[in-house]
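Report on one structure; see the data block that follows.
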Protein chains: 2
Amino acid sequence: MALKRSRQREMIKSFLMGRKDHPTADVIYSNLKQQDPNLSLGTVYRNLTLLSDMGEILRLRVGDGVDHFDADTSEHYHFVCTECGSVIDLDMDSIDSIMETAGERFDGRIRGHITYFYGTCPACTRVATKS
Amino acid sequence: MALKRSRQREMIKSFLMGRKDHPTADVIYSNLKQQDPNLSLGTVYRNLTLLSDMGEILRLRVGDGVDHFDADTSEHYHFVCTECGSVIDLDMDSIDSIMETAGERFDGRIRGHITYFYGTCPACTRVATKS
DNA sequence: GTGAATGCAAAAGGTTTGCACCCCC
DNA sequence: GGGGGTGCAAACCTTTTGCATTCAC
């Protein structure tokens, strides 16, 4: 049951660390497939699941039906563009205090929250505004 | 292209209005199938999609891989139990102000946010605490 | 050498869709 | 009667999984 290192897992992790967007399994696969033609999609999924279970990466379910992955596990929030679907990191203060608000009239135990902001990203805003 | 009423759509909508949990398409289907054995799952999905496109119901993607539906379209928040998967309405004040926080250092246009709180629901908390 | 990891392909969900038939206006 | 809605089943997509093989320790 001991974890063994694998070239594939390292490829996947470092690919992810090198990107600020939040690629899907398929994007990761097609990119890495070029430098390692034997790579299989199942391996990509297995490692993404493993890494996120270990807490080394984040699995983002932004609601577009496809999982996105993020190597930045620090607390931060995401914005999803409803035009182009891109997922962007937000530089903002913590809003953890909303959990207190949520817990005031709730009997269970609130351990966390998932928040996605959506709207039009800078690039799409520019296009829409263009004269 | 004009919308015609359909017995099935009305069944679905009123079933949904009669529940405070947030059933999945399959739960809706199996329940209504009993009073209308000819009902098909495709029809349920088509109508749920139609109703949510019209804004008459909400499609909740809570991250468990299955869509949940809610006839209450008023602004409110949801809690998802990580033990039993139940989705519960939260009685809480608006946290729309988080959008201002999010927008401070962001160039795009933020139009909304989706927030799910997660943790242990009242029922599961009780079980876990039981001596 | 042992068992974890891979590659391949099949399977498993959940959701959508094509098509012939039905029903509402 | 025309066109939207339904039922049925097949198709779709993303993700998971079984199994024989390969690789790390």
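From a predicted model like this one, the values you see are computed outputs, not experimental measurements. Proteins get letters first, then strands, A, B, ... in listed order; numbering begins at 1 in each.
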* Asked: According to a strict under-4.0 Å criterion, is B:Gln8 in side-chain N/O contact with OP1 or OP2 of C:dC23?
  -> no
* To do: Kindly say if A:Asn47 contacts the phosphate of C:dT6, meaning a side-chain N or O under 4.0 Å from OP1 or OP2.
  => yes
* Asked: Near DNA chain D, under 4.0 Å by heavy atom, which residues of residues 82-89 of chain B?
  -> none
* To do: To the nearest Å, give me how far apart CZ (B:Arg9) and P (C:dC25) are.
  => 10 Å
* Structure fact -> Contacts of B:Thr120 meeting side-chain contact (heavy atoms from CB on, under 4.5 Å) (sequence neighbours excluded), chain-then-number -> A:Arg109, A:Arg111, B:Glu83, B:Cys124, B:Thr125
* **Residues clustering with A:Leu60 (ILVMFWY side chains joined when closer than 4.5 Å, directly or via others)** => A:Leu58, A:Val62, A:Val80, A:Val87, A:Ile114, A:Tyr116, B:Tyr118
* Structure fact -> Terminal axes of the helix from C:dG1-D:dC25 to C:dC25-D:dG1 (5 end pairs apiece), angle rounded to 10 degrees, sit apart by 30°
* For A:Phe106, ring-ring contact (aromatic ring centres under 6.0 Å, His included) partners two or more places apart -> B:Phe79
* B:His68: ring-ring contact (aromatic ring centres under 6.0 Å, His included) partners, not counting sequence neighbours -> none
* Structure fact -> Protein heavy-atom contacts under 4.0 Å, written 5' to 3' over nucleotides 13-19 of chain D as B (base), S (sugar-phosphate only) or - (none), form the string -SBBBB-
* Partner residues of B:Arg105 under the salt bridge (charged side-chain N to carboxylate O under 4.0 Å, His left out) criterion, sequence neighbours left out -> A:Asp91, A:Asp93
Measure all distances between protein nitrogen or oxygen atoms and nitrogen or oxygen atoms of nucleotides 20-25 of chain D, and list the pairs falling under 3.5 Å.
{"residue": "D:dA24", "atom": "N3", "partner": "A:Lys4", "partner atom": "NZ", "Å": "3.3"}

* Asked: Are any of the side-chain heavy atoms of B:Met99 and A:Phe117 separated by less than 4.5 Å?
  -> yes
* Please list all pairs passing the salt bridge (charged side-chain N to carboxylate O under 4.0 Å, His left out) test where one or both residues lie in residues 23-39 of chain A, with sequence neighbours left out. => A:Arg7-A:Asp36
* Asked: Under the salt bridge (charged side-chain N to carboxylate O under 4.0 Å, His left out) rule, what pairs show up with a residue in residues 56-67 of chain A, not counting sequence neighbours?
  -> A:Lys13-A:Glu56, A:Arg59-A:Asp67, A:Arg61-A:Asp67
* **Results of side chain to side chain donor-acceptor pair (under 3.5 Å) for A:Glu75 - residues two or more places apart only** => A:Ser94
* Asked: In terms of heavy-atom contacts, does CD of A:Glu104 have more than 12 from other residues, nucleotides or ligands at under 6.0 Å?
  -> yes
